[in-house]
Peer 1: 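After the structure tokens below, expect a handful of questions from me.
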Amino acid sequence: MDVLFCIGLVLFLGLGHSALIGKSHSGNKDDPVVQYVVNNSLREHPVLTKLRLKTLEDPWSIMMVASEEAQFMANLIRLINGTKAIEIGMYTGYNALSMALAMPDNGRVVAAEIEQTYVDIAKPFFKEAGVEHKIEVKLQAASKTLDELLQAGEAGTYDFVFIDADKINYDKYYEKSLDLIRTKGIIAIDNVLWSGRVLNPAEDDVSSKALDALNKKLHKDERIDLSMLTVADGLTIAIKR
């Protein structure tokens, strides 16, 4: 009876597995625990706040990196004294800006994005925050950007990579990123729980299947140390050995 009572209480409180998955501005915007976390830990730069609010006007704002997630990654960059980062899938630039703000003045963020509209939204905020010189936007396919960096001899020189683009190409982005980061560098991979759809994905759900396959691959990958976190929509942290 005690076990059944506990299970029922968890479900009643909304703390089942789905409540662990979601961003503070979308899936978990009404979750009091998640909002408590944000209210008691988020230290958002004022320009980040402006960009977040601007992005929320976009119909696809669910794609924005959660503020609590971006702050966590910025702190990782500070922890490893990162000065070079790559973002695969910039969207309106919230996380690119967050990373740039976490770096010293000589820091560099290479941000890959394919939509001009989103780049146009991002750039004025980069300028307002005084970090536009740190952020190099590449308006082209992410694979092309990564290949160009490798061809330019930049393998093993990056401290941090954030992957948050088309899910079916995550594995390709991961392999190229692993070549680009240094030993002890970090690859952060977003949406690895995909609102829970990675659990027994449907046969025709190619994105969920791709994420599930990558998650299982990383679990066995001896080239990295690994943590998968229930932050936002799931965040994997892979540290290159």
Side-chain angles (χ1 to χ4, degrees), residues 63 65 69-70 72-123 125-127 129 131-192 210-211 214 217-218 221-226 235-241:
M63 296 194 301
V65 174
E69 179 185 12
F72 172 66
M73 291 189 287
N75 283 333
L76 289 179
I77 288 173
R78 294 185 182 99
L79 187 65
I80 63 173
N81 297 313
T83 60
K84 292 181 69 177
I86 301 168
E87 178 159 69
I88 302 170
M90 184 187 76
Y91 187 39
T92 60
Y94 184 90
N95 192 63
L97 176 55
S98 177
M99 292 194 294
L101 287 166
M103 293 180 179
D105 194 58
N106 66 341
R108 179 190 180 206
V109 177
V110 178
E113 178 54 52
I114 58 172
E115 293 291 342
Q116 181 71 59
T117 301
Y118 297 141
V119 174
D120 292 342
I121 292 172
K123 284 191 171 182
F125 292 95
F126 297 165
K127 184 176 182 179
V131 297
E132 60 179 338
H133 64 289
K134 298 184 190 180
I135 304 174
E136 181 182 357
V137 178
K138 298 284 191 178
L139 187 62
Q140 60 186 18
S143 288
K144 183 178 180 181
T145 294
L146 298 176
D147 286 340
E148 288 177 351
L149 295 176
L150 289 168
Q151 291 162 8
E154 295 198 61
T157 67
Y158 283 84
D159 304 296
F160 195 92
V161 178
F162 180 54
I163 301 175
D164 185 20
D166 53 309
K167 312 313 170 193
I168 60 174
N169 283 314
Y170 262 30
D171 195 357
K172 293 179 182 178
Y173 299 148
Y174 167 71
E175 289 295 336
K176 294 177 190 293
S177 297
L178 201 59
D179 289 337
L180 283 162
I181 63 167
R182 61 172 173 84
T183 300
K184 303 301 181 183
I186 297 172
I187 300 174
I189 307 173
D190 201 19
N191 304 118
V192 295
L211 287 167
L214 179 62
K217 170 182 171 175
L218 296 186
D221 194 340
E222 296 297 328
R223 298 172 295 176
I224 59 169
D225 292 308
L226 177 71
L235 179 69
T236 286
I237 301 296
I239 305 170
K240 185 176 179 178
R241 289 179 171 174

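Nothing here was measured: the structure is a model prediction, and the numbers come from that model.
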Peer 1: Can you find a pair of side-chain heavy atoms, one from I77 and one from D159, that are under 4.5 Å apart?
Peer 2: no

Peer 1: For Q140, enumerate each residue passing the side chain to side chain donor-acceptor pair (under 3.5 Å) test, keeping only those at least two apart in sequence or located in another chain.
Peer 2: T145, E148

Peer 1: Starting at CD1 of I163, measure out to OH of Y174 and round the result to the nearest 0.5 Å.
Peer 2: 8.5 Å

Peer 1: What is the distance from atom CG of L76 to atom CZ of F162, rounded to the nearest 0.5 Å?
Peer 2: 11.5 Å

Peer 1: If you take all heavy atoms of A96 and A111, which pair is closest and at what distance?
Peer 2: CB-CB, 4.4 Å

Peer 1: Decide side chain to side chain contact (heavy atoms under 4.5 Å, CB included) for T236 and L214; before the verdict, give the C-alpha distance in whole Å, the side-chain angles of both, and the deciding distance to 0.1 Å.
Peer 2: CA-CA 11 Å; T236 286; L214 179 62; over 6 Å; no

Peer 1: Kindly compute the distance separating CG (D190) from CG (L235), expressed to the nearest 0.5 Å.
Peer 2: 6.0 Å

Peer 1: Mark yes or no for whether E113, through its side chain, and M90, through its backbone, hold a donor-acceptor pair below 3.5 Å.
Peer 2: yes

Peer 1: Among I80, I186, L226, I181, which residue meets the side chain to side chain contact (heavy atoms under 4.5 Å, CB included) test with I239?
Peer 2: I186

Peer 1: Any salt bridge (Lys or Arg N to Asp or Glu O under 4.0 Å) involving residues 133-147? Give me the pairs, sequence neighbours left out, ordered by first then second residue.
Peer 2: R108-E136, E136-K138, D147-K176

Peer 1: Mind jotting down which residue pairs meet the salt bridge (Lys or Arg N to Asp or Glu O under 4.0 Å) criterion with at least one end in residues 75-100? Sequence neighbours excluded, please.
Peer 2: K84-E154

Peer 1: Can you name the side-chain contact (heavy atoms from CB on, under 4.5 Å) partners of A238, sequence neighbours left out?
Peer 2: I187, I224

Peer 1: Please name the pair of heavy atoms, one in K240 and one in D179, separated by the smallest distance, quoted to 0.1 Å.
Peer 2: NZ-O, 4.3 Å

Peer 1: Report the distance from atom CE of M99 to atom CE of M73, rounding to the nearest 0.5 Å.
Peer 2: 7.0 Å

Peer 1: Could you measure the distance from the OG atom of S98 to the CZ atom of F72? Nearest 0.5 Å is fine.
Peer 2: 12.0 Å

Peer 1: Could you work out, with side-chain contact (heavy atoms from CB on, under 4.5 Å) as the rule, every residue matching A165, not counting sequence neighbours?
Peer 2: I88, Y173

Peer 1: Residues two or more places apart in sequence or in another chain: which of them pass ring pair (Phe, Tyr, Trp, His ring centres under 6.0 Å) with Y118?
Peer 2: Y91

Peer 1: Determine the minimum heavy-atom distance between A70 and Y94, stating which atoms define it.
Peer 2: CB-CE2, 3.6 Å

Peer 1: Mind checking what makes side chain to side chain donor-acceptor pair (under 3.5 Å) contact with T92, not counting sequence neighbours?
Peer 2: T55

Peer 1: Ignoring hydrogens, what is the shortest heavy-atom contact between G82 and M103? Give both atom names and the distance.
Peer 2: O-CG, 3.6 Å

Peer 1: Mind jotting down which residue pairs meet the salt bridge (Lys or Arg N to Asp or Glu O under 4.0 Å) criterion with at least one end in residues 163-173? Sequence neighbours excluded, please.
Peer 2: D164-K167, D171-K217

Peer 1: Once side chain to side chain donor-acceptor pair (under 3.5 Å) is applied, do any residues pair with N81, and if so which ones, sequence neighbours excluded?
Peer 2: none

Peer 1: Quick check for you: to the nearest 0.5 Å, what is the distance between T157 atom OG1 and L149 atom CG?
Peer 2: 8.0 Å

Peer 1: Between L211 and N191, which heavy-atom pair has the shortest distance, and what is it?
Peer 2: CD1-O, 3.4 Å

Peer 1: Specify the closest pair of heavy atoms between A74 and A102, including all atoms of both residues, with the distance to one decimal.
Peer 2: O-CB, 3.7 Å

Peer 1: Which residues pass the side chain to side chain donor-acceptor pair (under 3.5 Å) test with N106, not counting sequence neighbours?
Peer 2: none

Peer 1: Once salt bridge (Lys or Arg N to Asp or Glu O under 4.0 Å) is applied, do any residues pair with D221, and if so which ones, sequence neighbours excluded?
Peer 2: R223

